[in-house]
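I have placed the structure first, in the form of structure tokens, so that the comments after it can refer back to it.
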Amino acid sequence: AVLTGLAVWKPVQFAPLTNLLGGYVWARYWHFLAMVVLVLLSLMFFATFNPVVRRLQARIARPWALAGVSAGLVVLTVLLLMLMLPPILRQGQNLITHSSQYLLQLNRLFEQYHLPFRVSSLTVNWSERLSAMGPQLLNVVMSVLSGITGMLTVVVLTIYLLIDGPRVGMGLMRLLP
């Protein structure tokens, strides 16, 4: 969502990114899709955690129930990140470090099956230079940033819906004929 947002927000300054996404129009479509997914995840979490808030609300005041569920969401997100990030970083580093070997294996596979595609020496040299430049730096930073902002967006929308969900639901019901 962050990358598509940058491509839509400043398509000239981020022209390579916009082109990578298929141009400005496709970047808008990808961004819309990313936002729909984030909103649907928030609605799913709202539907999941609202009964917990109501059950806690029977024992304690609603603000404290919301604070407890929100703190639980934050702790759960931090624990999930702590579990997922180290293996992902290791795998990304290994992929970039061994990319030249993978390209050579791919070239041998194409030769074995007589496919017309050949990996050029320029591509192999490029991949070797890439693996020597600090493999995971840019890709990992952007992936982590995108993941964190996506999770924060989902958490914020979920907390908002938990706080104001019944009123939002009633407002939406009034819009229906």
Side-chain angles (χ1 to χ4, degrees), residues 1-96 134-177:
V2 171
L3 296 177
T4 58
L6 288 173
V8 171
W9 178 46
K10 295 203 174 209
V12 174
Q13 287 84 352
F14 296 105
L17 180 61
T18 305
N19 291 335
L20 183 68
L21 293 169
Y24 181 72
V25 173
W26 278 101
R28 287 179 43 213
Y29 290 136
W30 288 119
H31 188 67
F32 177 76
L33 181 65
M35 291 300 106
V36 167
V37 166
L38 290 177
V39 168
L40 288 176
L41 277 172
S42 296
L43 289 172
M44 182 188 71
F45 285 137
F46 168 69
T48 302
F49 294 118
N50 196 39
V52 175
V53 170
R54 286 187 184 196
R55 184 171 286 176
L56 286 173
Q57 192 176 349
R59 296 184 184 140
I60 57 177
R62 183 168 177 87
W64 289 107
L66 288 170
V69 170
S70 300
L73 278 172
V74 169
V75 167
L76 186 65
T77 302
V78 167
L79 288 175
L80 188 64
L81 281 174
M82 287 174 51
L83 288 173
M84 288 175 49
L85 281 180
I88 290 173
L89 291 176
R90 233 181 354 262
Q91 288 176 1
Q93 182 179 10
N94 287 337
L95 175 67
I96 293 175
Q136 71 275 17
L137 187 61
L138 184 61
N139 290 334
V140 170
V141 167
M142 291 306 288
S143 297
V144 168
L145 177 67
S146 181
I148 289 173
T149 56
M151 288 190 350
L152 284 175
T153 303
V154 169
V155 168
V156 167
L157 280 173
T158 302
I159 291 171
Y160 167 72
L161 288 172
L162 285 172
I163 292 171
D164 221 15
R167 193 175 71 170
V168 170
M170 292 304 292
L172 287 175
M173 289 305 217
R174 278 188 240 140
L175 292 175
L176 296 174

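For the atom pair CG of Leu33 and CZ of Arg28, the computed distance is 14.0 Å after rounding to the nearest 0.5 Å. For the atom pair Leu43 CG and Leu38 CG, the distance stands at 11.0 Å (nearest 0.5 Å). Annotation: the span from Lys10 atom NZ to Thr18 atom OG1 amounts to 12.0 Å, rounded to 0.5 Å. In this structure, CG on Leu73 lies 11.5 Å from CG on Leu80, to the nearest 0.5 angstrom. Considering CG of Leu56 and CZ of Phe49, their distance stands at 11.5 Å, rounded to 0.5 Å. Distance check, rounded to the nearest 0.5 Å: CG of Leu6 to CZ of Phe14 gives 4.5 Å.
Counting heavy atoms from C-beta on, the side chains of Tyr29 and Val25 come closer than 4.5 Å.
In terms of heavy-atom proximity, Phe46 sits nearest to Pro51 at O-CD, 4.4 Å. Among all heavy-atom pairs drawn from Ala65 and Val53, the shortest one is CB-O, 3.9 Å. Between His31 and Thr4, the shortest heavy-atom distance links the atoms ND1-OG1, 2.8 Å.
Heavy-atom neighbours of Met84 CE from other residues, nucleotides or ligands within 6.0 Å: at or below the threshold of 12. Environment of CZ in Arg62: crowded, with over 12 heavy atoms of neighbouring residues, nucleotides or ligands closer than 6.0 Å.
Checked options Leu76, Thr77, Val75, Leu81; the residue passing with Leu79 is Val75 (criterion: side chain to side chain contact (heavy atoms under 4.5 Å, CB included)).
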